[in-house]
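These notes concern the structure reproduced below.
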Amino acid sequence: MSTATRDGRNWTPDYLVSIDPKKCIGCGRCFKVCGRDVMTLKGINDEGDLIDLDDDEDEEVEKKVMVMNDEGACIGCGACARVCPTNCQTHAPAAAEAA
Ligand code: SF4
Ligand code: SF4
């Protein structure tokens with residue numbers, strides 16, 4: 001699916017489709033630049049389970065990772081990909097995602 005910029009130039013959104021939890025270092029940069037609340041930072045405990053950082057204060061957080069929270073809200077601006085230091089995100093246009 002392509003759409004248009006303000007003055008009508010063709011623009012193909014490049015949506016965030018996944019974040020590789022093995023490569024993500026939980027730096028939070030992508031979260032800061034996203035205006036759509038697509039992602040949220042989670043903890044991973046010693047058993048490898050995802051845990052909320054807010055309510056599980058007793059649980060040991062081994063590392064933090066960014067996960068997709070509301071993927072349908074993504075507008076495909078690509079800002080998150082530009083700031084990610086580990087290149088752990090995968091983006092795709094809508095047509096490629098459906099294929
Ligand atoms: S592509 Fe844009 S809207 Fe989508 S998750 Fe990244 S920063 Fe947010
Ligand atoms: S910018 Fe990359 S490494 Fe940092 S939290 Fe986001 S996905 Fe993870």
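Just so you know, ligand 1 is whichever comes first in the structure, and atom 1 is the first atom listed for that ligand.
Below 4.0 Å from some heavy atom of Thr86 lie the following atoms of ligand 2, by number and element: 3 (S). Annotation for ligand 2: atoms under 4.0 Å from non-hydrogen atoms of Gly26 are 5 (S), 8 (Fe). Close approach of ligand 2 to Met66 (heavy-atom distance below 4.0 Å) involves ligand atoms 5 (S). Those atoms of ligand 2 with a heavy atom of Gly28 less than 4.0 angstrom away are 4 (Fe), 5 (S).
Cys27 SG, 2.2 Å is the protein heavy atom nearest to atom 4 (Fe) of ligand 2. Of all protein heavy atoms, the one closest to atom 2 (Fe) of ligand 2 is Cys84 SG, 2.3 Å. In terms of protein heavy-atom proximity, atom 8 (Fe) of ligand 2 is closest to Cys24 SG, 2.4 Å.
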> For Cys74 and Arg36, what are the C-alpha separation, side-chain angles and deciding distance, and is it a side chain to side chain contact (heavy atoms under 4.5 Å, CB included)?
Replying inline: CA-CA 6 Å; Cys74 178; Arg36 302 284 304 165; 6.0 Å; no

> Does the pair Leu50 and Ile44 meet the rule for a side chain to side chain contact (heavy atoms under 4.5 Å, CB included), with working shown?
Replying inline: CA-CA 5 Å; Leu50 280 179; Ile44 293 187; 3.9 Å; yes

>> Test side chain to side chain contact (heavy atoms under 4.5 Å, CB included) on Lys42 and Leu53; report intermediate values, then the result.
In response: CA-CA 6 Å; Lys42 293 265 188 184; Leu53 291 170; 5.5 Å; no

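In this structure a side-chain-to-backbone donor-acceptor pair under 3.5 Å is present from Thr86 to Lys23. In this structure a side-chain-to-backbone donor-acceptor pair under 3.5 Å is present from Gln89 to Ala81.
Take a cut-off of 2.8 Å around atom 6 (Fe) of ligand 1: the protein N, O or S atoms inside it are Cys80 SG.
Gly76 and Tyr15 make their closest contact through N-CD2, 3.5 Å (heavy atoms, listed as atom of the first residue, atom of the second, distance). Considering every non-hydrogen atom in both Cys24 and Val65, the closest pair reads SG-CA, 3.9 Å.
Linking Ile, Leu, Val, Met, Phe, Trp and Tyr whenever their side-chain heavy atoms come within less than 4.5 Å puts Phe31 and Val61 in one cluster.
Put simply, the residue from Asp70, Val67, Ile19 that forms a side-chain contact (heavy atoms from CB on, under 4.5 Å) with Met39 is Ile19.
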